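All figures in this text were calculated on a predicted structure; none of them were measured in a lab. Lettering follows sequence order; numbering is per chain, from 1.
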Protein chains: 2
Amino acid sequence: MISYRDNIVFMIAKAHQRAQSVLKGHLQAFGLTPMQCLFMESLWEEDGLSVGEIGRRIALDTATLAGILDRMVTAGWVRREADPDDGRVARVYLTDKAGSAMTELAASIERTNNELLKSFSMEEKLLFKRFLRDIKE
Amino acid sequence: MISYRDNIVFMIAKAHQRAQSVLKGHLQAFGLTPMQCLFMESLWEEDGLSVGEIGRRIALDTATLAGILDRMVTAGWVRREADPDDGRVARVYLTDKAGSAMTELAASIERTNNELLKSFSMEEKLLFKRFLRDIKE
DNA sequence: CCTCAATCTCTTGCATACAAGATACTATAT
DNA sequence: ATATAGTATCTTGTATGCAAGAGATTGAGG
């Protein structure tokens, strides 16, 4: 009988919990949640993505995205525009407010990464990331 | 500028997503969610824990536990009893139904672990678990 | 015995998350 | 031109997850 303490699902869930908590703390100054920040990062990489494209990039259901998008629009981080060529598609663009915050935002993420992996050597970091990618594919 | 794809918080979140999804699939036959299963495992280790003790063991807020506990009681997996010595404490006990299911449940968890870590050698599994524990302490 | 701080549980409010279905629009085949 | 299959988004319902506060009970000190 395996204890839940050796259950890989449980161990990942708790590592996830701690990681989210640290990032959440660093993002509080911006009034952003980790997921909202990730949402913005995908647009920083390529502005004007459709809702579905954002979902595929950050691996999120459109049902979940709808709520996040609404809150981001209300908070003034992004704006939603209908695609002129395809009436089904809603495209999302970063606002100026978002663009101005990106540098500081990236610094917060960098700090979070360093804090979480403080006790890891360079080789361990790479190995850990490989493991995370290799889980189930 | 770090891409979100190299962000350790994002990578853990997505590994978490995949792990939850696999376990969820294996638990569907029981009508249990991963968290409800974890809840039961803590009681399997020590029956009659208080709500707060369960929360500390599986690292969950009592606000979250309240809802989970309600659903588990309704589904007949556990029962709630007032502690005779301390009027503030609610203790939780596994039902016979839960006891009978534990062996099969453990097998599902075992299958999930193997499936998730299929491509890992024994050394890699141990290393990965150490990394997960070492994240931020 | 009484007060008060500590503890335990519960409730409310907000933010993910996903399944499943509804709706609107596009593209394809006839 | 039109039926239809496909695609994109949105909505609803259920289940976590945490912060903050309310309510009940206990225990320690005076």
Side-chain angles (χ1 to χ4, degrees), chain A residues 9-10 12-25 27-28 30-40 48-75 77 80-92, chain B residues 9-10 12-25 27-28 30-40 49-56 58-75 77 80-92:
Chain A
V9 182
F10 172 70
I12 294 175
K14 295 313 150 184
H16 169 65
Q17 212 173 39
R18 292 201 296 283
Q20 289 286 313
S21 170
V22 171
L23 180 54
K24 188 176 174 182
L27 291 179
Q28 215 149 38
F30 301 92
L32 280 169
T33 65
M35 188 45 65
Q36 289 167 1
C37 178
L38 180 58
F39 183 102
M40 277 176 56
L49 289 173
S50 71
V51 174
E53 279 166 350
I54 296 172
R56 276 187 292 279
R57 292 200 187 200
I58 67 180
L60 256 199
D61 194 289
T62 59
T64 306
L65 278 177
I68 295 173
L69 178 53
D70 284 346
R71 286 184 283 279
M72 304 274 298
V73 170
T74 302
W77 295 107
R80 185 202 318 236
E81 277 181 32
D83 186 300
D85 299 326
D86 190 334
R88 296 168 300 183
V89 174
R91 301 209 165 272
V92 187
Chain B
V9 182
F10 172 71
I12 295 175
K14 295 314 152 186
H16 169 64
Q17 214 173 37
R18 292 200 296 283
Q20 290 285 313
S21 171
V22 171
L23 180 53
K24 188 176 174 182
L27 291 179
Q28 214 149 37
F30 301 93
L32 280 169
T33 65
M35 189 44 67
Q36 290 168 0
C37 178
L38 179 60
F39 184 102
M40 278 176 57
L49 290 173
S50 72
V51 174
E53 279 165 350
I54 296 172
R56 276 188 292 280
I58 67 179
L60 256 199
D61 195 287
T62 60
T64 306
L65 279 178
I68 295 173
L69 179 52
D70 284 347
R71 286 184 284 276
M72 304 272 301
V73 169
T74 300
W77 295 106
R80 184 203 318 237
E81 277 179 32
D83 186 300
D85 300 326
D86 190 334
R88 295 167 299 183
V89 174
R91 300 208 166 272
V92 187

Review point. When every nucleotide of nucleotides 24-29 of chain C is labelled 5' to 3' by its protein contacts under 4.0 Å (heavy atoms), B for base, S for sugar-phosphate only, - for none, what sequence of letters results?
Key: -BS---
Practice item. At the 4.0 Å heavy-atom cut-off to chain B, mark where contacts on DNA chain D begin and end, going 5' to 3'. Key: dA15(D) to dT26(D)
Practice item. Applying side-chain hydrogen bond (donor to acceptor under 3.5 Å, both in side chains), name anything that partners Arg56(A), two or more places apart in sequence or on another chain. Key: none
Practice item. Quick one, give me the B/S/- string for nucleotides 16-22 of chain C, reading 5' to 3', where B means a protein heavy atom under 4.0 Å from the base and S means that only happens at the primed atoms, P, OP1 or OP2. Key: BBBB---
Review point. Residues in side-chain hydrogen bond (donor to acceptor under 3.5 Å, both in side chains) with Arg71(B), at least two apart?
Key: none
Review point. Looking at five pairs on each end of the helix from dC1(C)-dG30(D) to dT30(C)-dA1(D), what is the angle between the two axes, given to 10 degrees?
Key: 0°
Check your understanding: Can you list the residues that meet the side-chain hydrogen bond (donor to acceptor under 3.5 Å, both in side chains) rule with Gln28(B), with sequence neighbours excluded?
Key -> none
Practice item. Applying salt bridge (charged side-chain N to carboxylate O under 4.0 Å, His left out), name anything that partners Asp61(A), two or more places apart in sequence or on another chain. Key: none
Revision key, fill the gap. Ala59(A) meets the side-chain contact (heavy atoms from CB on, under 4.5 Å) criterion, sequence neighbours left out, with Lys14(B), Gln17(B)
For residues 18-25 of chain B, which side-chain donor-acceptor pairs fall under 3.5 Å, sequence neighbours excluded?
from, atom 1, to, atom 2, distance (Å)
Arg18(B), NE, Ile135(A), O, 3.1
Arg18(B), NH2, Leu132(A), O, 2.9
Arg18(B), NH2, Ile135(A), O, 3.3

Point to revise | Contacts of type ring-ring contact (aromatic ring centres under 6.0 Å, His included), residue Phe10(A), not counting sequence neighbours | key: Tyr4(A)
Point to revise | For Asp83(A), side-chain contact (heavy atoms from CB on, under 4.5 Å) partners two or more places apart | key: Asp85(A), Asp86(A), Val89(A), Arg91(A)
